[in-house]
Chemist: 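The structure that follows is given in the form of structure tokens.
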Amino acid sequence: MTKKPTKAATAQAKSRKPEAGGEAAAPASSRALRAAERRDAIVEAAMEEFIARGFAATRLDDIAKRAGVAKGTIYLHFKDKESMFEELVRTVIVPVVAKLNALPPPTGSVRDLIEAFAGSFLKEVIGTRRGDLVRLIVAEGPRFPSVADFYYREVVSRGMAGMRALIELGVARGEIREKDLARYPQILVAPAMIAVIWQSLFTRHAPLDAQDMLRVHLDLIFGERRTT
């Protein structure tokens with residue numbers, strides 16, 4: 001005759017946690033993966049809608065439709081359209097600028113380091129969705145100060161700090177003669193902004209060689225390269 005389990009044994013069985021990697025862990029992992037995939041789809045759809053319609057005209061309904069999710073799903077990840085746009089800036093543009101502050105101490109000239117970073121920046125921004133996003137901020141930032149303020153904090157201020165540090169190093173090494181350039185690091189990155197704006201407005205009339213413009217610009221700051 002089979003004995004019935006005692007109340008203590010039953011309680012102990014109910015309280016026993018599943019082993020790590022067991023059946024309970026797998027569904028939780030799958031749910032997290034699906035949630036991450038939905039979030040990525042929402043961010044990607046948001047980028048396409050913002051670029052196509054502008055910040056003001058973009059609706060959450062259109063983003064949800066493009067992402068293939070219910071509108072309510074968006075609110076599981078973002079509180080509003082502005083927070084969604086901020087996430088775009090963090091994931092798409094901030095990593096490019098972060099490379100500047102992560103540069104190792106130059107073993108060659110400061111110009112070589114700036115030229116390498118600026119060249120990479122132009123390649124990753126000009127003619128890409130990143131460039132479209134920057135142009136959107138330039139166009140609509142005055143109408144949405146909070147968006148412009150966020151972009152300044154996350155992108156512009158970091159870029160300026162990195163450029164200023166490189167300029168000061170160049171001055172200390174004697175590579176840059178104009179010491180006041182450190183007060184205006186905007187001058188150093190001017191070709192990048194000109195190229196981004198030119199690309200959308202005038203490239204069909206007069207294509208711009210951004211890399212060559214950068215070379216000429218750096219010649220003005222560092223002096224022409226000597227050929228051997």
Side-chain angles (χ1 to χ4, degrees), residues 85-142 145-203 206-228:
F85 191 83
E86 291 176 355
E87 179 67 10
L88 267 179
V89 172
R90 286 193 192 94
T91 58
V92 176
I93 299 180
V94 168
V96 178
V97 177
K99 292 179 182 178
L100 177 61
N101 294 310
L103 290 173
T107 54
S109 69
V110 172
R111 173 175 177 155
D112 288 339
L113 196 64
I114 292 175
E115 201 162 21
F117 170 76
S120 174
F121 180 87
L122 290 174
K123 186 181 296 184
E124 293 187 40
V125 174
I126 303 300
T128 70
R129 282 299 194 230
R130 290 188 179 97
D132 292 333
L133 204 57
V134 172
R135 285 189 287 272
L136 175 63
I137 293 167
V138 171
E140 299 205 36
S146 60
V147 171
D149 291 346
F150 174 81
Y151 188 77
Y152 179 83
R153 290 194 307 271
E154 296 294 321
V155 178
V156 177
S157 63
R158 296 181 182 185
M160 292 299 99
M163 284 296 173
R164 184 176 289 109
L166 288 176
I167 293 169
E168 290 172 347
L169 181 60
V171 171
R173 288 184 171 189
E175 294 182 46
I176 298 175
R177 289 174 295 177
E178 181 52 71
K179 297 180 180 179
D180 283 343
L181 182 61
R183 293 170 54 198
Y184 304 103
Q186 296 90 338
I187 294 174
L188 198 59
V189 298
M193 288 306 301
I194 291 171
V196 168
I197 296 171
W198 191 278
Q199 176 75 15
S200 63
L201 294 177
F202 310 122
T203 192
L208 180 67
D209 186 335
Q211 294 285 357
D212 195 50
M213 180 175 67
L214 172 65
R215 178 189 61 78
V216 173
H217 182 67
L218 293 180
D219 280 348
L220 293 173
I221 294 173
F222 290 92
E224 292 187 21
R225 285 189 182 278
R226 295 179 180 179
T227 56
T228 56

Chemist: What are the two closest heavy atoms between Gly119 and Leu214, and how far apart are they?
Modeler: N-CD2, 4.0 Å

Chemist: Is the closest side-chain heavy-atom distance between Arg164 and Ile167 below 4.5 Å?
Modeler: no

Chemist: Taking atom CD of Gln211 and atom CG of Asp209, what is their separation to the nearest 0.5 Å?
Modeler: 7.5 Å

Chemist: Taking NZ, NE, NH1 and NH2 as the nitrogens, is one of them in Glu154 or Arg158 under 4.0 Å from a carboxylate oxygen of the other?
Modeler: yes

Chemist: Considering all heavy atoms of both residues, which atom of Ala195 and which atom of Leu122 are nearest to each other, and what is their separation?
Modeler: CB-CD2, 4.3 Å

Chemist: Do Val89 and Ile137 have side chains that get closer than 4.5 Å, going by heavy atoms?
Modeler: yes

Chemist: Yes or no on side chain to side chain contact (heavy atoms under 4.5 Å, CB included) for Ile114 and Ile221, after CA distance, side-chain angles and deciding distance?
Modeler: CA-CA 12 Å; Ile114 292 175; Ile221 294 173; over 6 Å; no

Chemist: If you compare all heavy atoms of Ala182 against all heavy atoms of Glu168, which two are closest, and at what distance to 0.1 Å?
Modeler: CB-CG, 3.9 Å

Chemist: Name all residues meeting the side chain to side chain donor-acceptor pair (under 3.5 Å) criterion together with Gln199; count only those two or more places apart in sequence or in a different chain, and write none if there are none.
Modeler: none

Chemist: Would you say Leu188 and Leu218 make side-chain contact, with heavy atoms under 4.5 Å?
Modeler: yes

Chemist: Which pair of non-hydrogen atoms, one from Val96 and one from Phe117, has the smallest distance, and what is that distance?
Modeler: O-CE1, 3.7 Å

Chemist: Indicate the atoms forming the closest heavy-atom contact of Glu175 with Val110, along with that distance.
Modeler: OE1-N, 3.0 Å

Chemist: Determine whether Leu181 and Val171 satisfy the following criterion, side chain to side chain contact (heavy atoms under 4.5 Å, CB included), listing intermediate values before the conclusion.
Modeler: CA-CA 9 Å; Leu181 182 61; Val171 171; 6.0 Å; no

Chemist: Quick test of your reading of the model: are Arg215 and Asp219 salt-bridged, counting only N-O distances below 4.0 Å?
Modeler: yes

Chemist: Is it the case that the side chains of Ser120 and Glu124 hold a donor-acceptor pair, with the cut-off being a distance below 3.5 Å and no angle test?
Modeler: yes

Chemist: Could you give me the CA-CA distance, side-chain angles and deciding distance for Arg130 and Val196, then say whether side chain to side chain contact (heavy atoms under 4.5 Å, CB included) is met?
Modeler: CA-CA 10 Å; Arg130 290 188 179 97; Val196 168; over 6 Å; no

Chemist: Measure the CZ-CG distance between Arg111 and Leu166 for me, rounded to the nearest 0.5 Å.
Modeler: 14.0 Å

Chemist: Of all residues at least two apart in sequence or in a different chain, which pass the ring-ring contact (aromatic ring centres under 6.0 Å, His included) check with Tyr184?
Modeler: none

Chemist: Give the intermediate values and the outcome of side chain to side chain contact (heavy atoms under 4.5 Å, CB included) for residues Leu208 and Thr203.
Modeler: CA-CA 6 Å; Leu208 180 67; Thr203 192; 5.8 Å; no

Chemist: Parallel, tilted or perpendicular for Trp198 and Phe202, by the 30°/60° rule?
Modeler: perpendicular

Chemist: In Å and rounded to the nearest 0.5 Å, what is the CZ to CG distance from Arg129 to Leu88?
Modeler: 11.5 Å

Chemist: Quick one: which residue pairs count as a side chain to side chain donor-acceptor pair (under 3.5 Å) with a foot in residues 86-97, not counting sequence neighbours?
Modeler: Arg39-Glu87

Chemist: So do the side chains of Ile194 and Met213 get within less than 4.5 Å of each other, counting heavy atoms only?
Modeler: yes

Chemist: Hey, could you give me the NE2/CD distance between His217 and Glu115, rounded to the nearest 0.5 Å?
Modeler: 11.5 Å

Chemist: Shortest non-hydrogen contact from Met160 to Pro185?
Modeler: SD-CG, 3.8 Å

